[in-house]
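Start at 1 and go down the list; that is how both ligands and their atoms are numbered.
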Amino acid sequence: MKPLLIDGAWITTSHAEENRNPSNTDEVIGLYAHAGRAETQAAIEAARLSFPAWAASTPQFRFEILNKVADELTLRKSEIASLLSREEGKTLREGLQETERAANIFRFFAGECLRPAGDLIPSVRPDVSVEVTREPLGVVGIVTPWNFPLAIPSWKIAPALCYGNTVVFKPAELVPGCAWVLAEILHGTGIPKGVFNLVTGKGSVVGNTMLSARDVEAVTFTGSQAVGSLVAQASIKHMRKLQLEMGGKNPLVVLDDADLDLAVDCAVDGAFYSTGQRCTASSRLIVTEGIYGRFIEKLTEKCRGLTVGDALDPATDIGPVASASQLATDIDYIEIARAQGGNLRCGGDIVKGHNHGYFLQPALFTDTDNNMRINREEVFGPVASVIRVRDYEEALATSNDTDFGLCSGIMTTSLKHAAHFRRESRAGMVMVNLPTAGVDYHVPFGGRKASSYGPREQGRYAAEFFSTVKTSYIRP
Ligand SMILES: NC(=O)C1=CN([C@@H]2O[C@H](COP(=O)(O)OP(=O)(O)OC[C@H]3O[C@@H](n4cnc5c(N)ncnc54)[C@H](OP(=O)(O)O)[C@@H]3O)[C@@H](O)[C@H]2O)C=CC1
Ligand SMILES: O=C(O)CCC(=O)C(=O)O
């Protein structure tokens, strides 16, 4: 059994669960301890007790710890990427990219430990100066989803530790393996005991215990809207600092003047790579009349050419869906879209001959309108739909007509339209002539409306969530 990490010690439990490879469900990857209430409370207590010393540690010490994690992730990237692909179903190429991204995130925040923070401001009063400093929050609870089992934990754990907080980390039940490797690496750096704690287990047990604990000063969560709102309700009782990253229904607008090949490539990448299981996925393709026919033809041809298969097979373009329940959700939405009048142009079938994995041929719908459920609700699978519009104005209005606001994109050679879209799109991130998915690791990440709540993640903006500001008035 792979144990929990609490207060610097590996702890086994009376209950453990196995995880399996979604490319081949006969393959058991490992057996992982499931924490109960008592273990979760012990992890929170360890994080509370270790906080003062970690908060007071030198930036150089924290820099060295985070840098060692980056080095180790880089050194072990092939092994870790292969585990990621076996556990979550991303292709090996995508697994390697995610592992490199995690290493870069730790390296970035190692550097952040050493960068100046704060301001010295003259007061409006004579002989007084104002010093604005940043301080850590305390114990931070980290709750993550399964779709980026290494990168999302990294972009929460690295800044939490960088700014002097201690951590209790609860990964998604589906992907304990990547979380465990991250814990093993952190432990191996010589990080003081209790500063980083791993509690694998159920959201309803570990997550709930974390949310009801007074000593958890802040919670950062990525996952579904349904669980996000539970996290918010539980946290508000404690007036706890909160950061939520939830779903998206991201539009990719394709205008008449777009480079056709580039538009098709970006649509395929954004909609279907990583099996469409990205909150930044381009699930709504909004296409103007003049390019519609040519775009659909090329896109359909390209979709038909995608190879769905085992995540570790180098010939695979699209790995399996991550779980049986996600596959059932995808199939449900395909049926709903059909029933509401969508035309299933290609894909949408379970791939034959792969009985031991969750393989779905990417589904492309045409003849949909923005009011259909397929265009209003997040599917989180390899399912995309095309909405035909008259012109740029209708495309912009349609792209903004959504409850979500994570990411948006436009394919055009018109500087005027690109600039207007960048300004008027009501999303946290805007892409011009790029897929909506696939973001940099050193710049702010997050959205608007139902997609996100609280300060942005990643880059220097992460300081807004993971630290608090103190304003001191000083008369010598
Ligand atoms: N905007 C974004 O950045 C992203 C959004 N998502 C969204 O996440 C969804 C898929 O991820 P998924 O992991 O299934 O999402 P969930 O919301 O089901 O789970 C996210 C995390 O919350 C935990 N959790 C579940 N119940 C509770 C609870 N009562 N209290 C505290 N924690 C709990 C889960 O644990 P357990 O696994 O044990 O249930 C998991 O660790 C998609 O629908 C997508 O919309 C995903 C990735 C990124
Ligand atoms: O598109 C990306 O690079 C990031 C996506 C993401 O964070 C997510 O799907 O959870």
Exercise. Relative to ligand 1, is Ser452 under 4.0 angstrom through side chain, backbone, both or neither, heavy atoms considered?
Worked result: neither
Problem set entry | Where ligand 1 meets Gly201 - atom numbers and elements under 4.0 angstrom, heavy-atom basis | 38 (O)
Check each N or O atom of ligand 2 against all protein N or O atoms and list the pairs under 3.5 Å, with atom names and distances to 0.1 Å, one per line.
unit_1: ligand 2; atom_1: 1 (O); unit_2: Thr280; atom_2: OG1; d: 2.5
unit_1: ligand 2; atom_1: 1 (O); unit_2: Gly438; atom_2: N; d: 2.8
unit_1: ligand 2; atom_1: 3 (O); unit_2: Arg101; atom_2: NH1; d: 3.1
unit_1: ligand 2; atom_1: 3 (O); unit_2: Arg101; atom_2: NH2; d: 2.8
unit_1: ligand 2; atom_1: 3 (O); unit_2: Gly438; atom_2: N; d: 3.3
unit_1: ligand 2; atom_1: 3 (O); unit_2: Val439; atom_2: N; d: 2.9
unit_1: ligand 2; atom_1: 9 (O); unit_2: Asn147; atom_2: ND2; d: 3.0
unit_1: ligand 2; atom_1: 9 (O); unit_2: Cys279; atom_2: N; d: 2.6
unit_1: ligand 2; atom_1: 10 (O); unit_2: Asn147; atom_2: ND2; d: 3.2

Exercise. Is there a heavy atom of Phe221 sitting under 4.0 angstrom from any atom of ligand 1?
Worked result: yes
Exercise. Is ligand 1 less than 4.0 angstrom away from at least one heavy atom of Leu174?
Worked result: no
Exercise. Can you name the side chain to side chain contact (heavy atoms under 4.5 Å, CB included) partners of Ala42, sequence neighbours left out?
Worked result: Ile6
Exercise. Which of parallel (below 30°), tilted (30 to 60°) and perpendicular (above 60°) describes Trp155 and Phe445?
Worked result: tilted
Problem set entry | Residues Glu184 and Arg76 bridged, charged N to O under 4.0 Å | yes
Exercise. For ligand 1, which atoms sit closer than 4.0 Å to a heavy atom of Lys170?
Worked result: 35 (O), 36 (P), 38 (O), 41 (O)
Problem set entry | Glu98: partners by salt bridge (Lys or Arg N to Asp or Glu O under 4.0 Å), with sequence neighbours left out | Lys90
For this session: Determine if the distance from atom 1 (N) of ligand 1 to the closest protein heavy atom is below 4.0 Å.
Result: yes
For this session: State which residues pass ring pair (Phe, Tyr, Trp, His ring centres under 6.0 Å) with Phe380; sequence neighbours excluded, sorted by chain then number.
Result: Trp146
Exercise. Under 3.5 Å, is there a donor-acceptor pair between the Ser425 and Ser408 side chains?
Worked result: yes
For this session: Hey, can you tell me if Trp10 and His187 have their rings parallel, tilted or perpendicular (30° and 60° cut-offs)?
Result: perpendicular
